[in-house]
Protein chains: 2
Amino acid sequence: MKRCKHNNLKVTPQRIAIYKKLIELKNHPSADAMFQTVRRDFPNISFDTVNRTLLTFSEIGIVDVIEGHGRQRRFDPDISCHHHFHCVKCKEIIDFYSAEYDNLEIPENIKKKFTVLSKRVVLNGICDKCTE
Amino acid sequence: MKRCKHNNLKVTPQRIAIYKKLIELKNHPSADAMFQTVRRDFPNISFDTVNRTLLTFSEIGIVDVIEGHGRQRRFDPDISCHHHFHCVKCKEIIDFYSAEYDNLEIPENIKKKFTVLSKRVVLNGICDKCTE
DNA sequence: TGACAAACAAGAGTTGCTCCTATCTAATAG
DNA sequence: CTATTAGATAGGAGCAACTCTTGTTTGTCA
Ligand SMILES: [Mn+2]
Ligand SMILES: [Mn+2]
Ligand SMILES: [Zn+2]
Ligand SMILES: [Zn+2]
């Protein structure tokens, strides 16, 4: 919660509860998934607070809002450089790691024109569970 | 429209109008953006028809539904292998091309477990227009 | 121990699809 | 060339996932 104070944000019980759930998660939850999880320990919390807090956290770099193919925004508690496999059937987003991908060079013409903040390789396909 | 017949889909004036707009577009329209464009030539068309047709086209491989960070689904009339730069400010998605990226190998552990249908490098950052 | 800016809960409002139904039409058979 | 009909469309209701508003509460600092 140092990160909160550092950004002039108050340290509230709601923020602490959401943060704790976030760091123990290993998947890519939607705002509603986080809400359902957090409300088990904090029955009076509102969806709006969870959603707003996740967006606040993404602004101060605690979570990432990641690319998706569905209508729900997906958050990623793992903010290190890694890559994603999207299953087109079950919509799950699966992490994978590759030094080769991490070290990809940004093309010159892009570097000249734009400011690149992050890069990621996104694979689409069918996961092992959906193949049967 | 051969593609339609080949997939047992009727060739309707609406589908022709949407298809024509699609192939002349060079950006990544949302369903609503397509609706607004197509209705100029076809004032009586409904949003639902445009949206449904875009999804139908994506099923038969005429367009791609691409990864996004917002709430609107984005379509891509360019179905060849290429890569995307997402501007986090104006939300524009800009194409770029790189032989190096096209030739990326899929990691062994992914290839073993999953069926990969497409790959793309996604860069996030700030575009030239938003930098001023 | 106040004062107060910031954050919260609850619920209304908005956006962007998605579904439903009556009507229409492209394709095929006669 | 017409009749038939499965499939497609328009218009509108319905729904999911946020997003905003308002009145109340609370963490922080003096
Ligand atoms: Mn991840
Ligand atoms: Mn593209
Ligand atoms: Zn799957
Ligand atoms: Zn921009």
Task: Selection from D:dT9, C:dA7, D:dA10 that lies nearest to any side-chain heavy atom of B:Arg52 - done: D:dT9
Task: Check: D:dC18 base within 3.5 Å donor-acceptor of A:Asp48 side chain - done: no
Task: From D:dG11, D:dG7, C:dC17, nucleotide with atom closest to B:Asn44 side chain - done: D:dG11
Open item on the list: So, OP1 or OP2 of C:dA7: does either fall under 4.0 Å of a side-chain N or O from A:Arg15?
Closed with: yes
TODO: Measure from CG on B:Leu55 to P on C:dG16 and round the result to the nearest Å.
DONE: 16 Å
Open item on the list: Using whole Å, what does the distance between atom C1' of nucleotide C:dA26 and atom CD1 of B:Ile16 come to?
Closed with: 11 Å
- [ ] Considering just the side-chain nitrogens and oxygens of A:Gln14, establish if one lies under 4.0 Å of OP1 or OP2 belonging to C:dA9.
- [x] yes
Task: A:Thr49 side chain vs A:Ile45 backbone, donor-acceptor pair below 3.5 Å - done: no
Open item on the list: Closer than 4.0 angstrom, basic N to acidic O: yes or no for B:Lys21 and B:Asp41?
Closed with: yes
Task: Rounded interatomic separation in angstrom, taking CG from A:Asp32 and P from D:dC18 - done: 8 Å
TODO: Give, for atom CG of A:Asn124 and atom NE2 of A:His84, the distance between the pair rounded to the nearest 0.5 Å.
DONE: 12.0 Å
Task: Value in whole Å for how far the C1' atom of C:dG16 lies from CZ of B:Arg74 - done: 13 Å
Open item on the list: From CZ of A:Phe35 over to P of D:dA17, roughly how many Å is that when rounded to an integer?
Closed with: 13 Å
TODO: Give the rounded distance in Å between these two atoms: CZ of B:Phe47 and P of D:dA13.
DONE: 17 Å
Open item on the list: For a quick test of reading the model: is some side-chain N or O of A:Ser30 closer than 4.0 Å to OP1 or OP2 of D:dA17?
Closed with: no
Open item on the list: Applying ring pair (Phe, Tyr, Trp, His ring centres under 6.0 Å) as the test, list every pair that has at least one member in residues 104-129 of chain B; sequence neighbours left out.
Closed with: A:Phe85-B:Phe114
TODO: Could you tell me whether the phosphate oxygens of C:dG11, OP1 or OP2, come under 4.0 Å of any side-chain nitrogen or oxygen in A:Ser46?
DONE: no
Open item on the list: Strictly below 4.0 Å: does B:Gln72 bring a side-chain N or O up to OP1 or OP2 of C:dC17?
Closed with: yes
TODO: Can you figure out which of C:dC17, D:dT19, C:dA7 approaches the side chain of B:Ala31 most closely?
DONE: C:dC17
TODO: Taking only the side-chain heavy atoms of A:Lys10 (C-beta and beyond), determine which of D:dT26, C:dT18, C:dC8 contains the nearest atom.
DONE: D:dT26
- [ ] Considering just the side-chain nitrogens and oxygens of A:Arg71, establish if one lies under 4.0 Å of OP1 or OP2 belonging to D:dC18.
- [x] no
Open item on the list: Looking at B:Lys20 and B:Arg15, would you say the former's side chain and the latter's main chain have a donor-acceptor pair under 3.5 Å?
Closed with: no
TODO: Quickly work out the A:His6 NE2 to D:dT28 C1' distance and round it to whole Å.
DONE: 18 Å
Open item on the list: Below the 4.0 Å mark, does D:dA10 have OP1 or OP2 next to a side-chain nitrogen or oxygen of B:Thr49?
Closed with: yes
Task: Distance, nearest 0.5 Å, that separates CG of A:Asn51 from CZ of A:Arg73 - done: 6.0 Å
Task: Nearest-Å distance for atom pair CG/P, residues A:Leu54 and D:dT19 - done: 12 Å
Open item on the list: Students often get this wrong, so: under 4.0 angstrom with heavy atoms, is B:Pro13 touching a base, only sugar-phosphate, or nothing?
Closed with: sugar-phosphate
